[in-house]
There are 2 protein chains.
Amino acid sequence: MALTGMSIVGGERVMGTGDAIRGENPRTAEPLQPEYRDVSLAEIDRACRLAFACFDQYRQLAESTRAEFLERIAEEIEAIGSPLIERAMLETGLPQARLEGERGRTCTQLRLFASLLRSGNSQDLRIDTAMPDRQPLPRADIRMRQIGVGPVAVFGASNFPLAFSVAGGDTASALAAGCPVVVKAHPAHPGTSELVAEAICRALVACDIPKGVFSLVFASTHELGQALVSHPCIQAVGFTGSRQGGLALLSIAQSRPQPIPVYAEMSSINPVLLLPDALQKQSGPLAEGFIASLALGAGQFCTNPGLVLAIKGEALNQFKARLTQVITDVVPQVMLSRSIHRAYQQGIEHFDSVADRLAEGINSEAPNTCQAIVYHTTAAHYLDTPVLHNEVFGAVSLLVECDSLEEMQGLLEQLEGQLTLTVHLDDQDQDVLQTLLPVLERRAGRILLNGWPTGVEVCHAMVHGGPYPATSDVRTTSVGSAAIQRFLRPVCYQNFPDQLLPPQLKQQTAGEYKRLVDGIWQ
Amino acid sequence: MALTGMSIVGGERVMGTGDAIRGENPRTAEPLQPEYRDVSLAEIDRACRLAFACFDQYRQLAESTRAEFLERIAEEIEAIGSPLIERAMLETGLPQARLEGERGRTCTQLRLFASLLRSGNSQDLRIDTAMPDRQPLPRADIRMRQIGVGPVAVFGASNFPLAFSVAGGDTASALAAGCPVVVKAHPAHPGTSELVAEAICRALVACDIPKGVFSLVFASTHELGQALVSHPCIQAVGFTGSRQGGLALLSIAQSRPQPIPVYAEMSSINPVLLLPDALQKQSGPLAEGFIASLALGAGQFCTNPGLVLAIKGEALNQFKARLTQVITDVVPQVMLSRSIHRAYQQGIEHFDSVADRLAEGINSEAPNTCQAIVYHTTAAHYLDTPVLHNEVFGAVSLLVECDSLEEMQGLLEQLEGQLTLTVHLDDQDQDVLQTLLPVLERRAGRILLNGWPTGVEVCHAMVHGGPYPATSDVRTTSVGSAAIQRFLRPVCYQNFPDQLLPPQLKQQTAGEYKRLVDGIWQ
C-alpha cells in the first residue's frame with residue numbers, strides 16, 4: 001500500500017501541480033513522505049462534473065445496492081489493517097487505541113446508514129390517495145418521496161482523521177442519501193486520506209458504482225475551496241472545523257447565483273452546570289470526571305467541556321481543591337498539528353490576559369504539546385469579557401463562580417448556541433432543572449444529565465448540532481442516522497399511474513416501506 | 001366589525017405613526033377606508049420581544065391545546081362571515097366564489113395542522129435505550145424530540161389574501177410548530193388583514209394563549225422589514241412573493257450576527273410538456289385545458305403554466321389553432337393591485353420586444369385588467385433570450401416549439417428550478433417519460449401527469465417547493481402538513497430520568513406517539 005501523493009478524481013489518480021502539502025509528525029515536527037500537491041482548478045471542475053454526471057444513475061440505484069456499497073467501504077477500510085492506524089498515528093499524534101476506536105466508529109457509521117437504507121425508513125414517504133368523487137373538486141393521487149439534493153462537497157475535520165474525514169459522517173450520510181461526494185482532503189492527514197479514499201474506490205469497483213460518485217482532491221488554497229463550493233454542480237456542503245472556516249464557506253455558498261445549504265459544525269464550549277445538591281454530595285467525583293473529560297485526547301473534541309458553572313460556597317471550594325489535585329498528574333499530550341497547537345497557544349495567551357489560572361497539569365517543552373489548564377473567574381467578569389466566550393481548542397476550561405442560581409440562569413441566556421449543555425444534579429436539584437430546561441433546550445442541540453459531553457453516540461436519536469455558532473443550521477445533526485436528512489429533498493408525484501411511480505411509492509411495495517397513507521403511518 | 005386602521009402588537013391595538021397605507025379597489029382604482037399607518041421601529045421591537053417572551057410557555061403547551069387554538073382560529077375566521085369576503089373582494093378584485101373557496105382552504109389548512117398535532121406524528125421522536133452492559137463502553141439512554149425554532153416573521157402574499165396571508169400556511173405551520181408569529185401585513189389588503197388578525201386575537205383569548213404569540217404589524221418600508229428580519233428574537237422567516245423581495249429578505253437574514261433560515265417561495269414558470277402521442281390524440285382538449293388553467297384568476301398563481309414545450313408538426317398546429325379559438329373568448333379580468341398590474345404590463349412589454357404573440361384574449365381599457373396572451377418562439381431563440389425565462393405574473397404564457405424530443409430534453413436541463421413540471425402523455429409516450437423523469441425530479445418540487453399545475457392540494461404528500469429560484473430552500477414545502485418541518489429543530493436528551501423528560505419522550509406515553517425505538521417505529 002504505497003502512498004502515491006495523488007488526488008483521485010472519478011476513480012483516476014491525478015498528480016497535482018499546485019502548492020505542496022506534506023504531512024508532518026506532530027510528535028517530532030518532522031515532515032512525512034510523500035509530498036502531495038494541490039490539484040488545478042480544471043481538476044476541481046472535472047470532479048464536480050463527473051459527480052453530477054452520475055448523480056441520476058447513482059440516486060436511482062436500489063437502496064439495497066447503496067447499502068452494500070456503504071458496507072463494502074467499511075470492509076475495505078477494515079481490510080487496510082494496521083497500515084491505516086500507523087499512518088494516522090504518524091500524521092496526527094493520536095494514540096493507537098484511540099485511532100482503532102475511531103476506525104470502529106467510522107465503520108459503525110457506514111453500517112448504520114446501510115441499515116437505515118435497508119429498513120425502508122430513510123425517506124419521509126407519503127401517499128394521499130385519489131378522491132375522484134370529492135365535491136366541489138376531485139382530488140388527484142398525490143405521493144411524496146425524497147431524493148438526494150445533488151453532489152455534495154465534504155470538508156473533513158482534522159481532529160477525527162477517520163470518523164469526520166474522507167469516509168466520515170458527512171460522506172456516509174451523503175452517499176446514503178444518493179448524493180455523489182467530492183471530498184477536500186484535510187492537509188493535516190494526507191496519507192490517511194489517500195488510504196481511505198483508495199478503500200472507497202475499491203468499494204466502488206466491487207459494487208459496480210459509477211466512479212464519479214467519489215473524488216478526493218487536495219486543495220489547500222482559498223481559491224480552490226471557493227471553486228469547489230461555488231461550482232454549479234455542487235448542491236450542498238458538509239464541514240467540520242473552525243468558526244472562521246465555516247463562515248467563509250457559508251459566505252461563498254450564499255453568494256452563488258443559486259445559493260446552497262452549508263452544514264458547518266463550528267464552535268461550541270459545551271457548558272457544564274454543577275447544581276447545588278450534586279456539588280454538595282459529589283464534589284470529589286465531579287472534579288475527577290471533569291478533568292478526565294477535559295484532558296481526553298488533549299481536549300481536541302467539539303464537545304470538550306470548555307465552561308463550568310457553579311455557585312460559590314464550601315462545596316465548590318472542595319470541588320476546586322480536588323480538581324487542583326487531580327489535574328497535577330495530567331501529562332502533556334501532543335496535539336494534532338502545528339496549526340492546532342498555535343491556535344491553542346494563542347487561546348491561552350488571550351485567557352491569561354483576562355483571567356486567572358486555577359490549576360494546571362504537567363507542562364512540556366516537547367513539540368506541539370498541550371498542557372491542561374483550568375481558569376476561573378466571576379460571572380460578572382465573564383459576561384463583561386467577550387474573549388472568554390471563545391472556544392480554545394484543547395484541554396482548556398473556565399470555571400465561572402456564580403453568586404446565585406439566578407446569576408447562573410441569567411448567564412445561560414447570554415451564552416452563544418452550543419452543541420451540548422451538561423447538568424449535574426441530585427435529588428434536591430430537580431426543581432432547578434425543570435426551571436432551567438426551557439433555556440437549555442433553546443441554547444443547545446443535546447442536553448446531558450450526570451455525564452460528560454465528550455463521547456458522541458452514533459445512534460438514531462443523537463443530535464450533534466445546535467444553534468449558531470455551534471452549527472450553521474440548527475435544524476440538523478451531523479452524527480446519527482438523522483444526518484441523512486441534510487442531503488434529501490422532497491419530490492411530489494401527482495396523478496402517476498403505478499408503473500411510472502418510483503419503487504418506494506408503487507402500490508405493490510406497501511409492505512417494505514414505512515409510508516404515511518392518508519395521514520396514517522403504515 | 002368596524003375596521004380601525006391599527007396594527008395589533010401582542011393583543012393590543014397600536015395606531016401607527018409612519019407612512020400611510022391605504023387599500024385600493026383595483027376595479028375602480030379608488031382608495032378605500034380606513035387609512036393604515038406603518039408602526040414605529042419601537043413597535044417592531046416590542047412585537048418581537050413579546051413573541052420571544054412567551055415562546056417557552058407557548059411551545060410547552062400540550063399539542064392538544066395548540067390544536068384547539070388552530071381550530072378556534074378557523075372557527076373565528078368563519079364566524080366573521082360575509083364581511084370578510086366583501087372586504088377581500090373590495091381590496092383584491094377577486095370574485096366572491098374564489099374568496100369563499102380560499103377561506104375554506106385557509107380553514108382546512110389550520111385544521112390539517114391541528115389534526116397533525118393530535119395524531120402524535122408531528123415530531124420525529126426517537127429513542128435509543130440504554131445499554132449499561134455494552135463493551136467497551138456502556139450506552140446512555142438517548143432520546144430526541146423536536147421543538148419550535150423560535151418566533152417566526154411571516155410576510156404574506158398579495159395573491160392569496162386569506163390562504164397565504166395573515167392566517168395562511170406559514171402562520172398555521174409556525175403556530176403548529178410552537179412558534180409565535182409576527183406577521184407583516186401585505187399593504188394590498190390591509191382591511192382583510194385586520195379582520196383576520198382580530199379573529200386570531202379572539203382565538204388567543206378564548207384558548208387562553210399568551211398574547212405575545214401573535215402580532216400583525218403594518219410595516220411597508222424596507223427599513224421596517226429589515227428591522228423585523230434582523231431582530232435577534234426572530235428565528236425564521238416565511239415569505240411568498242417576488243424573487244426580488246425574497247432575495248432581499250434572504251440577504252438580510254444571512255447578514256445577521258446569527259443567520260436564520262428564510263423560506264421564500266419566489267418565482268416559477270411551471271413548464272408544461274406536451275408529449276407527441278398525447279398531442280396527437282388530444283390536441284383540442286389540451287388547448288382548452290391549457291387556456292382554462294392560464295386564465296384562471298387572471299393567471300395570478302405561483303403555479304400558473306407560463307411555459308409550454310411541444311414538438312413542431314401537424315398535431316401542434318392543431319393545438320395552436322384550437323388554442324387561438326378558445327382564447328378569443330377569454331374576458332379581461334381585474335388584477336389584484338396597481339403594482340401587480342404594472343409588473344404585468346412591464347412583463348408583456350419585455351416579451352413583445354423579443355417574441356411574437358400567437359394568440360390573445362379580449363382586451364379592456366378598464367383599470368388594472370389583464371388580457372390573456374400566449375407567445376410562441378423556437379427552442380433556440382428561447383435558450384438565447386434570458387428575458388423569456390422570467391415569470392410574468394398574470395395570464396401570460398409562452399409556447400416553445402421544439403424541433404425534436406432531444407431539443408426539448410436539452411431545454412429542460414437549462415431551465416431554472418420550478419415549483420411544478422407538468423407532462424401530458426398518452427400510451428406511446430411512457431418511454432419518453434421514463435427518460436425525462438430524472439431531469440424533471442431535479443428541476444421541480446412537484447411533477448404532474450395529465451393535469452394542470454394550478455390548484456395545489458392541501459394534504460400530507462404535497463410539495464409546494466422546489467429548487468432555486470422557485471424557493472430559497474429546496475428541502476421544504478410551504479403547503480401541506482410537511483410544512484411544519486420548516487419551523488422545528490431536534491433536541492436530544494441524554495440520560496434523563498423519566499420524570500424529567502418531556503411528555504412525548506416519557507416511558508408511559510409510548511402508545512400515543514409514533515416513535516423510533518432502537519431503530520424500529522412503534
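Note that the coordinates shown come from a computational prediction; the quantities given were computed from them, not determined experimentally. Proteins get letters first, then strands, A, B, ... in listed order; numbering begins at 1 in each.
Remark: the backbone N or O of A/Asp56 is not paired with any side-chain donor or acceptor of B/Arg442 at under 3.5 angstrom. The backbone N or O of A/Pro467 sits nowhere less than 3.5 Å from a side-chain atom of B/Arg489 that would complete a donor-acceptor pair.
Proximity to chain B is limited to the side chain of A/Asp473, based on heavy atoms less than 4.5 angstrom apart. When heavy atoms are compared at a cutoff of 4.5 Å, B/Gln434 approaches chain A solely by way of its side chain, counted from C-beta outward. Using a 4.5 Å cut-off between heavy atoms, A/Gln430 touches chain B through backbone and side chain atoms alike. Both the backbone and the side chain of A/Gln499 come within contact range of chain B, judged by heavy atoms closer than 4.5 Å. In this structure, the portion of A/Arg143 lying under 4.5 Å from any heavy atom of chain B is its backbone and not its side chain. Heavy atoms of A/Leu433 lying under 4.5 Å from chain B belong exclusively to its side chain. For chain B, the nearby parts of A/Ala482 are the backbone and the side chain; heavy atoms of each come within less than 4.5 Å. Heavy atoms of A/Phe55 lying under 4.5 Å from chain B belong exclusively to its side chain. With a 4.5 angstrom heavy-atom cutoff, A/Ile127 touches chain B only via backbone atoms. Of the two parts of A/Leu500, the backbone and the side chain both hold a non-hydrogen atom closer than 4.5 Å to a non-hydrogen atom of chain B. When heavy atoms are compared at a cutoff of 4.5 Å, A/Pro257 approaches chain B solely by way of its backbone atoms N, CA, C and O. With a threshold of 4.5 angstrom between heavy atoms, A/Leu116 does not approach chain B through any atom at all. Neither the backbone nor the side chain of A/Arg256 comes within less than 4.5 Å of any heavy atom in chain B. Contact annotation for A/Ser472: neither backbone nor side-chain heavy atoms come within less than 4.5 Å of a heavy atom of chain B.
Proximity to chain A among residues 449-457 of chain B is limited to B/Leu449, B/Asn450, B/Glu457, judged by heavy-atom separations below 4.5 angstrom.
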Applying side chain to side chain contact (heavy atoms under 4.5 Å, CB included) to A/Gln235 and B/Val474, what does each step give before you reach the verdict?
CA-CA 10 Å; A/Gln235 293 299 305; B/Val474 72; over 6 Å; no
